[in-house]
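Heads up: the structure comes next, in structure tokens.
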Amino acid sequence: MKIVFAGTPEFAVPALRAIYETYGDGLVAVVTQPDKPQGRKGILTPPPVKEEAIGLGVPVLQFPRIRDCVPELAALHADLMVTCAYGQILTQEVLDLFPMGVWNIHASLLPAYRGAAPIARAIIDGENVTGITIMKTELGLDTGDMLLSKSVEISDTDTADALTGRLALLAAKLIPEALGRIGSGKYSLIKQGEGFTCKKVQRTQVDFSKSAREVSALVRGLSSAPGSWGSVGGLILNFFYALPAEGSGAAGEILSADPKTGLVVACGEGAVRISMLQPAGGKCMADTAFLNGRKLQKGVRFDQPVL
RNA sequence: CGCGGGGUAGAGCAGCCAGGUAGCUCGUCGGGCUCAUAACCCGGAGGUCGCAAGUUCGAAUCUUGCCCCCGCAA
């Protein structure tokens, strides 16, 4: 069975590795997004999947638009393709290249959270369970029939990073099993019910008028990318971790800001302790470390987002 | 040449503009007090002030060059 793997970010790396370990040379090529300029200096950075593929010695293909590169893909004469956070929409032409189909690894329990950023969305929404679904890819966005899925619990202290890591490992565990079934031809698919599609998440200014629970979920869901932030006294702070804490006050009011108790900010309902943050120009640090050097006045309020 | 912040003790910062004894908070180590502590009191250790050159009697501080880190934006 000749397999092509299409994926891009860190999330796809364990799955790629699992396929390589199971099928070895059966993994004939890895398709990934082109290197993108990153950072202030615009350094061209290869996506994680590319680096992993090179390490494994698997040929790498990077198409600016995969739909324009059907001949190159066809030349591989592969039997099937696995996609995992590849980052490009496939066309029917692409799908038709693979006799055994194109299969997608998606980080949610479909039909919930189709589309982009399912992991961040699940945390932000306060879900307590999500998972991995492996499904047949069709033209609709994550609407194909499901082969198998497995759930993972979300704790109310989870960050997107942590959850992404766990889901990536689960994906790596499931994909060999899925490919085994597909290879044997003995499998059945389940149709998806009514679902919804979510959009990409953006860097968001925290609205402290929401409840502590919601604020915490937002911060954890966007940590560490694309991030949530707030501004107080002309200072921009990126938030990495926040949990509900004791206290109450006007939304955005700093209830405590000393190195012992940490940074506690009042929300519309309850309060949150922002325990990991990053000042503009600085590194990510604990609130206690931050407060050792920068004094924040108790009672001062964080700016509310302008709508 | 996209805009901007920064590099001073293990951590986070002040000091720089108006050169002249290396400071603060936290941590750490030792001692004291307390039934107790995110408590308090006393004491100690710990620093090539990013690197190099220059100006000067004297540079963390002024000048020039270089290295590194980071926030936005893309």
Rounded to whole Å, the CG-P distance (A:Asp258 to B:rC13) equals 17 Å
Contacts satisfying ring pair (Phe, Tyr, Trp, His ring centres under 6.0 Å) that involve residues 128-153 of chain A (not counting sequence neighbours) are none
Sorted by chain and residue number, the side chain to side chain donor-acceptor pair (under 3.5 Å) partners of A:Thr143 (sequence neighbours excluded) come out as A:Glu138
A:Pro259 has its side chain closest, among B:rA38, B:rA73, B:rC26, to B:rC26
Separation of B:rC72 atom P from A:Gln202 atom CD, nearest Å, is 14 Å
Re B:rG71: Watson-Crick or G-U wobble partner, both distances kept under 3.5 Å, found to be B:rC3
task: With C1' as the reference atom in both, quote the distance from B:rC51 to B:rA60 in angstrom, rounded to an integer.
output: 14 Å
When both distances are under 3.5 Å in a Watson-Crick or G-U wobble arrangement, the nucleotide paired with B:rA14 is none
Take atom P in B:rG43 and the same atom in B:rU55, then report the distance between them in whole Å.
-> 44 Å
Identify each donor-acceptor pair in which a side-chain atom of residues 224-240 of chain A lies under 3.5 Å from a protein atom, sequence neighbours left out, and give them as a table.
from     : atom 1 : to       : atom 2 : distance (Å)
A:Ser224 : OG     : A:Asp161 : OD2    : 3.0
A:Ser231 : OG     : A:Asp303 : OD2    : 2.5
A:Asn238 : OD1    : A:Arg203 : NH1    : 2.8

Notebook entry, point to check: Can you find a pair of side-chain heavy atoms, one from A:Lys50 and one from A:Val30, that are under 4.5 Å apart?
Noted result: no
Rounded to the nearest 0.5 angstrom, the OG-CD1 distance for A:Ser149 and A:Ile134 is 9.0 Å
Do any side-chain atoms of residues 75-84 of chain A form donor-acceptor pairs under 3.5 angstrom with protein atoms, and if so which ones, sequence neighbours left out?
from    : atom 1 : to       : atom 2 : distance (Å)
A:His77 : ND1    : A:Ala74  : O      : 3.4
A:Asp79 : OD2    : A:Lys2   : N      : 2.6
A:Thr83 : OG1    : A:Trp103 : O      : 3.4
A:Thr83 : OG1    : A:Asn104 : OD1    : 2.8

Contacts satisfying side chain to side chain donor-acceptor pair (under 3.5 Å) that involve residues 15-25 of chain A (not counting sequence neighbours) are A:Arg17-A:Glu52
Here the distance between atom C1' of B:rC13 and atom CG of A:Leu235, to the nearest Å, is 13 Å
Here the ring pair (Phe, Tyr, Trp, His ring centres under 6.0 Å) pairs for residues 188-227 of chain A, sequence neighbours left out, are A:Tyr113-A:Phe196, A:Phe208-A:Phe302
Sorted by number, residues from residues 276-303 of chain A placing a heavy atom under 4.0 Å from RNA chain B are A:Gln278, A:Ala280, A:Gly281, A:Gly282, A:Lys283, A:Met285, A:Ala289, A:Phe290, A:Asn292, A:Gly293, A:Arg294
Next item on the list: Decide side-chain hydrogen bond (donor to acceptor under 3.5 Å, both in side chains) for A:Asp145 and A:Gln192; before the verdict, give the C-alpha distance in whole Å, the side-chain angles of both, and the deciding distance to 0.1 Å.
Entry: CA-CA 6 Å; A:Asp145 297 341; A:Gln192 288 192 32; over 6 Å; no
Counting only side-chain N and O atoms of A:Asn238, is one of them less than 4.0 Å from OP1 or OP2 of B:rC70?
no
query: Taking the P atom of each, how far is B:rC69 from B:rG31, in whole Å?
result: 43 Å
- Message: Please give the distance between the P atoms of B:rU28 and B:rG19 as a whole number of Å.
- Response: 40 Å
Sorted by chain and residue number, the side chain to side chain donor-acceptor pair (under 3.5 Å) partners of A:Ser216 (sequence neighbours excluded) come out as A:Arg220
Scanning all shown strands, the Watson-Crick or wobble mate of B:rG65 with both distances under 3.5 Å is B:rC51
query: Which whole number of Å gives the distance between the C1' atom of B:rU8 and that of B:rC16?
result: 11 Å
Using Watson-Crick geometry (N1-N3 plus N6-O4 or O6-N4) or G-U wobble (N1-O2, O6-N3), each under 3.5 Å, B:rG19 is paired with none
(message) What's the gap between B:rA11 and B:rU21 when it is taken at their P atoms, as a whole Å value?
(response) 26 Å
Residues of residues 215-234 of chain A with a heavy atom under 4.0 Å from any atom of RNA chain B, listed by number, are none
Could you go over nucleotides 39-45 of chain B and give all protein N or O partners under 3.5 Å, atom names and distances?
none

Going by chain and number, the hydrophobic cluster around A:Val129 (ILVMFWY, side chain to side chain under 4.5 Å) further includes A:Leu109
Item to complete: Using the C1' atoms only, state how far B:rC42 lies from B:rA53, rounded to an integer number of Å.
Response: 46 Å
Taking the P atom of each, how far is B:rG5 from B:rG15, in whole Å?
15 Å
By side chain to side chain contact (heavy atoms under 4.5 Å, CB included), A:Thr157 pairs with (sequence neighbours left out) A:Ser155, A:Tyr241, A:Leu243
